[in-house]
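Worksheet: one structure, shown below.
Given the structure is predicted, the values throughout are model-derived calculations rather than measurements.
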Amino acid sequence: MDRNSIEVFLTVAELGSFRKAANALGYTQAGISYIIQTLEQEMGLSLFLRDRRGVHLTPEGQILLPNIRQLDMDNRILKQTINELRGLEKGSLRVQIFDSISIHWIPGIIQEFKRDYPGISIELITEEDSLKAEEMVLTGEVDCGFFLTKVSSDIDFFPLKKESLLAIISPEHELALASVFPVDKLGEYPYISMKYDHHTGIKEIFEHFDAEPNIAYCMDNDYAAMAMVNKDLGYSIFPALLLRDIPYELCCLELDHPQKRTISVGTRSLETASLACLKFIEYTRRWVEENA
């Protein structure tokens, strides 16, 4: 498979649509369809099913998916190695991030990295689900990534920082003047949950204290949830990093039994990672130590 075929196959598999893949890659829809048809003819296999819901991998396509991802990663590593032999003048990195560090860490890290390696292009891929982020690193979808809580996969990683998880309430809330948020109230007040609470260390707080959250709303946007809290529609729990420079008036309280989570950075293997990836991790660790 050539690089274009690999890229088209993986993009269609991810987006589930020839049209979306065409828009993402700068092809026409007919061009995407032609590349997939040619690939299927060369392999003698049907790779995608087309129906009203979109495009889906066939069982054969599902079996081939990990191998094609490996081909993609091998191609990128080969290209990166060639670039490294030329002194890191050119190359590319795919980095998985999540919202809070994308706002407060990533700009500073990239600024310092690009100052020394301007020829390395960096593609940022946002994924809030820490377990999926680990999977993206393991499969080679990204070169390195940032993880929350305990890293469960067999990957090489470095803890960067422990950050507090804080309860946020409106200034009108009856606990607004309290110094801490009591854990025995976790299940009492209306709670505004986030879509990824179960992968960001938040759900574990309720489980640890055997509390059932009284969920009033479930949100998928951090600032939207903060706006709801500001209107006293419920309380929520957020990491301290994400609560910096917010545009809403909120009271941020430690729990009376303080809770923290760990942010780490890692790659599938330090032995096989590209030099650019290793350099990015090195710059990340130094920047966090000096600035966070």
Side-chain angles (χ1 to χ4, degrees), residues 96-105 126-135 145-153 157-246 248-266 288 292:
Q96 171 273 327
I97 59 174
F98 52 87
D99 280 350
S100 59
I101 64 165
S102 72
I103 298 171
H104 299 293
W105 288 9
T126 300
E127 176 53 63
E128 298 296 322
D129 184 329
S130 199
L131 292 178
K132 188 171 181 181
E134 293 179 37
E135 181 183 347
F146 291 83
F147 318 114
L148 294 169
T149 65
K150 183 179 180 180
V151 177
S152 58
S153 305
F157 69 96
F158 301 93
L160 296 173
K161 182 180 177 62
K162 286 188 175 181
E163 67 169 339
S164 296
L165 295 169
L166 306 176
I168 61 171
I169 56 178
S170 79
E172 287 75 39
H173 196 280
E174 63 181 56
L175 292 178
L177 298 180
S179 57
V180 292
F181 189 102
V183 296
D184 60 7
K185 300 291 187 180
L186 287 171
E188 179 176 323
Y189 296 112
Y191 176 64
I192 298 175
S193 69
M194 298 302 300
K195 182 178 178 181
Y196 294 108
D197 273 358
H198 54 302
H199 290 309
T200 58
I202 306 297
K203 181 182 177 182
E204 285 80 357
I205 294 177
F206 291 94
E207 293 176 345
H208 179 72
F209 294 108
D210 195 25
E212 183 68 29
N214 177 18
I215 298 177
Y217 306 95
C218 183
M219 312 294 291
D220 61 3
N221 180 280
D222 296 322
Y223 280 4
M226 293 178 194
M228 300 283 277
V229 172
N230 173 258
K231 298 301 182 183
D232 204 22
L233 297 173
Y235 81 97
S236 194
I237 298 178
F238 275 89
L241 186 59
L242 198 56
L243 294 170
R244 289 174 48 187
D245 305 322
I246 56 176
Y248 304 103
E249 186 178 358
L250 299 171
C251 299
C252 305
L253 304 178
E254 284 266 18
L255 301 182
D256 56 0
H257 292 72
Q259 300 296 302
K260 296 182 181 295
R261 70 178 186 183
T262 301
I263 301 175
S264 302
V265 66
V288 171

key: NZ/NE/NH1/NH2 to OD/OE distance under 4.0 Å, Glu188 and Lys185   = yes
ask   = Salt bridge between Arg261 and Glu163, side-chain N to carboxylate O under 4.0 Å?
value = yes
Please tell me if the side chains of [X] and [Y] come closer than 4.5 Å, counting only heavy atoms from C-beta onward.
{"X": "Ile168", "Y": "Ile237", "value": "no"}
{"X": "Tyr196", "Y": "Asp220", "value": "no"}
{"X": "Glu254", "Y": "Phe181", "value": "no"}
{"X": "Met219", "Y": "Lys195", "value": "no"}
{"X": "Phe147", "Y": "Leu131", "value": "no"}
{"X": "Glu128", "Y": "Asp99", "value": "yes"}
{"X": "Leu255", "Y": "Val183", "value": "yes"}
{"X": "Asp245", "Y": "His104", "value": "yes"}

Closer than 3.5 angstrom, by distance alone: can the side chain of [X] be matched with the main-chain N or O of [Y] as a donor-acceptor pair?
{"X": "Asp232", "Y": "Ser170", "value": "no"}
{"X": "Glu134", "Y": "Ser153", "value": "yes"}
{"X": "Ser100", "Y": "Leu242", "value": "no"}
{"X": "Gln259", "Y": "His257", "value": "yes"}
{"X": "Tyr235", "Y": "Leu186", "value": "yes"}
{"X": "Gln96", "Y": "Glu127", "value": "yes"}

query = Phe146 vs Trp105 aromatic rings, parallel, tilted or perpendicular, using cut-offs 30° and 60°?
reply = perpendicular
Can you name the closest pair of heavy atoms from [X] and [Y] and give their distance?
{"X": "Pro171", "Y": "Cys251", "result": "CA-SG, 4.0 Å"}
{"X": "Ser236", "Y": "Tyr191", "result": "CA-CE1, 3.7 Å"}
{"X": "Pro190", "Y": "Ala216", "result": "CB-CB, 4.0 Å"}
{"X": "Met226", "Y": "Leu243", "result": "CE-CD2, 3.9 Å"}
{"X": "Ala225", "Y": "Met194", "result": "CB-SD, 3.5 Å"}
{"X": "Ser193", "Y": "Ile215", "result": "OG-CG2, 3.8 Å"}

request  = Tell me, yes or no, whether the heavy-atom count around Asp210 atom CG, taken from other residues, nucleotides or ligands under 6.0 Å, exceeds 12.
outcome  = no
Over 12 foreign heavy atoms within 6.0 Å of CD, Glu249 = no
inquiry  = Under the criterion side-chain contact (heavy atoms from CB on, under 4.5 Å), I'd like the reasoning laid out for Cys252 against Leu166: C-alpha separation, chi angles, the key distance, then a yes or no.
reply    = CA-CA 6 Å; Cys252 305; Leu166 306 176; 4.2 Å; yes
Atom pair NZ/CD1 of Lys231 and Ile192 - distance to nearest 0.5 Å = 12.5 Å
ask   = Looking at Asp129, Ile263, Ile103, which hits side chain to side chain contact (heavy atoms under 4.5 Å, CB included) with Phe98?
value = Ile263
task = For a side chain to side chain contact (heavy atoms under 4.5 Å, CB included) with Phe238, tell me which candidate from Val229, Ile246, Leu250, Asp222 qualifies.
result = Asp222
inquiry  = Before you tell me yes or no, could you show the steps for Leu175 and Ile169 under side-chain contact (heavy atoms from CB on, under 4.5 Å), namely the whole-Å CA-CA distance, both residues' side-chain angles and the distance that decides it to 0.1 Å?
reply    = CA-CA 8 Å; Leu175 292 178; Ile169 56 178; 3.8 Å; yes
key: Side-chain donor-acceptor pair present, Lys162, Thr262, cut-off under 3.5 Å   = no
